[in-house]
Amino acid sequence: MIRKIPILTFMALAFHTGLWAQSQGSVMKVTLADGTVDEYPLSARPSVTVDDQTVTVENKGETTTYGITDVKNYTFASSSSNPQEFIRFIDNNNLPNVVFPLSRVRSITSSTREHSNSLSEILQENGNISLFVAALNATGMVDSLKTFEDTSYSVGKDSIDWTNNRLCIHASVEYDNVAYMEHRYIKHTVFVEPNDVFARYGITSLDDLKLLAAQIYNPKYPEDASVTDLTDRRNSLNRFVSYHILPFQGTYYNLTCVDGPNSTLARNFNRREIDITDWYETMMPYSTMKFSFPSGSENGLYINRRGVQSRPDGRGFRYRGAKVLPASDVPLNTSAVNGLYHYIDDIISYGIQPDGTDIQAYVFSDRMRVDCTTLSPDFITSGARGHYTRSNIENGKYGRGGQGSVAANNVNTCLGFKAGSAANFQFTGNTHMHVRNRVLNFWSYGGDEVLIKGRFDVTVKLPPVPEGNYELRFGCQTDFSSRGIIAYFIDGEFVDMVDMRPSGKDPKIGVTSDEDLGGDEEMTSYFDHVLHNRGWMKGPASYWANWSESGDSDGKTVFRDTYITLRRVIGRFHSDGKSDHYLRLRQMMESENNELNFDYIEIVPECVYGNPDYNEDRL
């Protein structure tokens, strides 16, 4: 059952375990163990300064200082053998605001706001976006923005405690503390063109916007050009509006794994050669939105952009796309209890843009490298992706590798998902699945992964793609005896069964490093072709791991240069652009201890993997 937000009611969001609370637009009261009480709206984004004796909270120009009488209860542990637990509030930009030692927190409550704050309602209150809101109302898509919680979801209280030893899950050579969501929230993100953006194109009325939507989508879907019912999902205006909505809560920095304005993780990417990207299914049926975060002069978050930094990519493609404005550039509250919205500076679509660009043909004729932690809206709304830990690395932003099996001494805190609680994933009851927290030196793309364990059988809905032929790949780490033998299916058809345990050095795989090939470009390209025919590829050359906690790059490991971080070519499929596609992963070994690191997938169009005029880049 999906619960909607009652008018004039604020529902407090106590985030799963109580070790980490998240609130959107709430007034939060914090009562410390010594009786001190503070109250402030998180939407004001207070800043926090911490030293050995005080916690200073600056909010709307007013500064409050809390004394710490017992420094040991506050100081982050320098050793995993003596960790401390903290309660952390996260503001609407996913930046840490207030951190208190759990031992000093007595209670947390939320006050009732004097006005309603569902996403549908705060959109209506903003006169600067009235044209988009009119279309949102006319199409009925506004109703989807009233959902808040799946009340049919439940989990035992013993399953939401990260200190429960039964939930410390073995993962290859280390252990993860795993807890589960206490509540399953349903949220959305809306990208909105302000009225002045539409005005640049001569669009000043709802009728004008209807004509624009028809020009964008009728050429791509001519069979639906006669659908005039605005609430029909095939109608062009309905497509226009629904393409602007994502079925999860996406903040400015968590829509890609840049993960902050001064991101250490972003330095794991070769940003001179690639822009950091992620891809998400939208509320428009069978459509995907691309997000890019380039570095350099065009630094920022973009939708449906193509290129590298401020120049074309290796194939000569460049398209600016629409820039997402950070919250600091929008002088009003854009966050609600069930989601948020962002301003964008240009029109977005999955069709023919006003400038004549065919987005599907131009932007999406490229390799889609999709981090598996983005494949379910629940991974993002729940905070599982980019999850904070109990480590002292950047105040808990990143965990530590090599953690042991004693939960109380293990700083890694990961979020698990029961069957039915992760949209786009179907799996059997003997399957364990959790999203691992980020680790800077971890051999996983983006520093995290989805871990699947047991005698699992998992089916994953893939992001939609335009019409065409595609090759599906899976990024993985081999050379672990626990990996097992996996049967792969595409759209229900068996395509392959692979032993994932050997390293790339094994003759069955046969990886030879670029260095051992003598740096000869022709020989390297030939070997890549031979390896691909065996169903394997080296890892991407654009990502590396093994950064130190201080950000020192000495000893970094480029994924292409290892025998462990490989890509498995699963198979090929055809898409008509109007159907869903699925990947099924089935563990074939009779053991509860086998696992699969579900790291990233690549969905590669034929114009990339089968182009006779150029080889696919190694990035």
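None of these values were measured; they are calculated from a predicted model.
Inspection of the Thr374 and Asp371 side chains reveals no N or O donor paired with an N or O acceptor under 3.5 Å. Between Ser542 and Glu273, the side chains place no donor N or O within less than 3.5 Å of an acceptor N or O (distance only, hydrogens not considered). Under the 3.5 Å distance criterion, with hydrogens and angles disregarded, a donor-acceptor pair is assigned to the side chains of Arg618 and Ser525.
Interatomic distance, Ile169 CD1 to His434 NE2, rounded to the nearest 0.5 Å: 7.0 Å. To the nearest 0.5 Å, the span separating CG on Leu596 from CG on Leu585 amounts to 6.0 Å. Distance check, rounded to the nearest 0.5 Å: OH of Tyr445 to SG of Cys372 gives 12.0 Å. With rounding to the nearest 0.5 angstrom, the CG atom of Leu462 is 6.0 Å from the CZ atom of Phe573. Within the model, atoms OH of Tyr470 and NE2 of His574 stand 9.0 Å from one another, a figure rounded to the nearest 0.5 Å. Atoms CG and CD, from Asn218 and Glu223 in turn, are 9.5 Å apart once rounded to the nearest 0.5 Å.
For the pair Ile570 and Tyr488, the tightest heavy-atom approach, listed with the atom from each and the gap, is CG2-CB, 3.7 Å. When every heavy atom of Lys453 is checked against every heavy atom of Glu592, the shortest pair comes out as CG-O, 4.1 Å. Between Glu595 and Ala171, the shortest heavy-atom distance links the atoms OE1-CA, 3.5 Å. Closest approach of Gly300 to Pro294, counting heavy atoms only: O-CD, 3.1 Å. Between Asn437 and Cys414 the shortest heavy-atom distance is OD1-SG, 3.3 Å. Contact between Met589 and Arg455 at its shortest, heavy atoms only, is O-CG, 4.1 Å.
Under the 4.5 Å side-chain criterion, counting only non-hydrogen atoms from C-beta, Ile274 is not in contact with Tyr543. Between Thr512 and Phe527 the shortest side-chain heavy-atom distance falls below 4.5 Å. Lys578 places a side-chain heavy atom less than 4.5 Å from the side chain of Tyr221. Put simply, the side chain of Arg483 does not reach to within 4.5 Å of the side chain of Thr478, judged on heavy atoms. By the 4.5 Å heavy-atom criterion applied to side chains, Ser513 and Asp561 are not counted as neighbours. At a threshold of 4.5 Å between non-hydrogen side-chain atoms, the residues Arg305 and Arg318 count as touching. Under the 4.5 Å side-chain criterion, counting only non-hydrogen atoms from C-beta, Tyr286 is in contact with Asp580. With contacts defined as side-chain heavy-atom distances shorter than 4.5 Å, the pair Pro377/Asn424 qualifies.
Note on Asp278 versus Arg385: salt bridge recorded, some NZ/NE/NH1/NH2 to OD/OE distance being below 4.0 Å. Using a 4.0 Å cut-off between charged side-chain N and carboxylate O, Asp499 and Arg501 make a salt bridge. Ion pairing between Asp528 and Arg560 holds under the 4.0 Å rule for side-chain N and carboxylate O. Ion pairing between Arg369 and Glu616 fails under the 4.0 Å rule for side-chain N and carboxylate O.
Two rings, from Phe379 and Phe417, have their centers less than 6.0 Å apart. Ring centroid separation for the pair Phe291 and Tyr280 comes in under the 6.0 Å cut-off. Separation of the Tyr243 and Tyr217 ring centroids does not fall under the 6.0 Å cut-off. Taking the six-membered ring wherever Trp is involved, the centroid distance between the rings of His342 and Phe191 falls below 6.0 Å.
Using modelled atom types, no side-chain atom of Asn304 and backbone atom of Ala322 make a donor-acceptor pair closer than 3.5 Å. A distance-only check finds a donor-acceptor pair linking the side chain of Thr189 to the backbone of Phe248 [under 3.5 Å]. When atom types are taken as modelled, the side chain of His188 and the backbone of Ser144 share a donor-acceptor pair closer than 3.5 angstrom. In this structure a side-chain-to-backbone donor-acceptor pair under 3.5 Å is present from Arg306 to Tyr362.
Screening Thr288, Asp358, Ile603, Val465 against Phe364 for a side chain to side chain contact (heavy atoms under 4.5 Å, CB included) leaves a single residue, Thr288.
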| task | I would like to know whether Ile452 and Thr431 meet side-chain contact (heavy atoms from CB on, under 4.5 Å); could you show each step before the answer? | result | CA-CA 7 Å; Ile452 304 171; Thr431 300; 3.9 Å; yes
| request: Report the C-alpha separation of Asn597 and Met500 in whole Å, then their side-chain angles, then the decisive distance to 0.1 Å, and conclude whether the side-chain contact (heavy atoms from CB on, under 4.5 Å) test is met. | output: CA-CA 10 Å; Asn597 61 309; Met500 304 298 295; over 6 Å; no
| field | side-chain hydrogen bond (donor to acceptor under 3.5 Å, both in side chains) between Thr428 and Asn430, intermediate numbers included | value | CA-CA 6 Å; Thr428 54; Asn430 57 357; 2.6 Å; yes
| request: Take Leu583 and Phe598 through the test side-chain contact (heavy atoms from CB on, under 4.5 Å) and record every step on the way to the result. | output: CA-CA 12 Å; Leu583 169 64; Phe598 198 41; 4.2 Å; yes
| query | Can you check side-chain hydrogen bond (donor to acceptor under 3.5 Å, both in side chains) on Asp259 and Ser263, steps first, answer last? | reply | CA-CA 6 Å; Asp259 86 350; Ser263 171; 2.6 Å; yes
| task | Determine, step by step, whether Lys505 and Asp479 satisfy the salt bridge (charged side-chain N to carboxylate O under 4.0 Å, His left out) criterion, reporting the C-alpha distance in whole Å, the side-chain angles of both residues, the deciding distance to 0.1 Å, and the verdict. | result | CA-CA 9 Å; Lys505 293 181 179 180; Asp479 199 22; over 6 Å; no
| Evaluation steps, salt bridge (charged side-chain N to carboxylate O under 4.0 Å, His left out), between Arg438 and Glu394 | CA-CA 12 Å; Arg438 287 174 175 154; Glu394 297 188 24; over 6 Å; no
| request: Walk me through it: do Arg367 and Thr277 pass the test side-chain hydrogen bond (donor to acceptor under 3.5 Å, both in side chains)? | output: CA-CA 11 Å; Arg367 176 184 56 223; Thr277 60; over 6 Å; no
| task | Applying side-chain contact (heavy atoms from CB on, under 4.5 Å), run through Ile486 and Gln587 and close with a yes or a no. | result | CA-CA 5 Å; Ile486 311 298; Gln587 175 61 255; 3.6 Å; yes
| task | Show your working on side-chain hydrogen bond (donor to acceptor under 3.5 Å, both in side chains) between Ser575 and His581 and close with a plain yes or no. | result | CA-CA 8 Å; Ser575 174; His581 299 280; 3.2 Å; yes
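More than 12 non-hydrogen atoms from other residues, nucleotides or ligands lie less than 6.0 angstrom from CZ of Arg320. Other residues, nucleotides and ligands contribute only 12 or fewer heavy atoms inside 6.0 Å of the OH atom of Tyr526.
Cation-pi contact between Arg436 and Phe442: absent, since separation from the ring centre below 6.0 Å together with deviation from the ring axis within 45° is not met. A cation-pi arrangement is absent between Lys220 and Tyr350, since the terminal nitrogen or guanidinium carbon is not both under 6.0 Å from the aromatic centre and inside a 45° cone about the axis. Within the cation-pi definition used here (under 6.0 Å to the ring centroid, within 45° of the axis), Arg567 does not qualify as a partner of Trp536.
Tyr302 meets the side-chain hydrogen bond (donor to acceptor under 3.5 Å, both in side chains) test with no other residue; sequence neighbours excluded.
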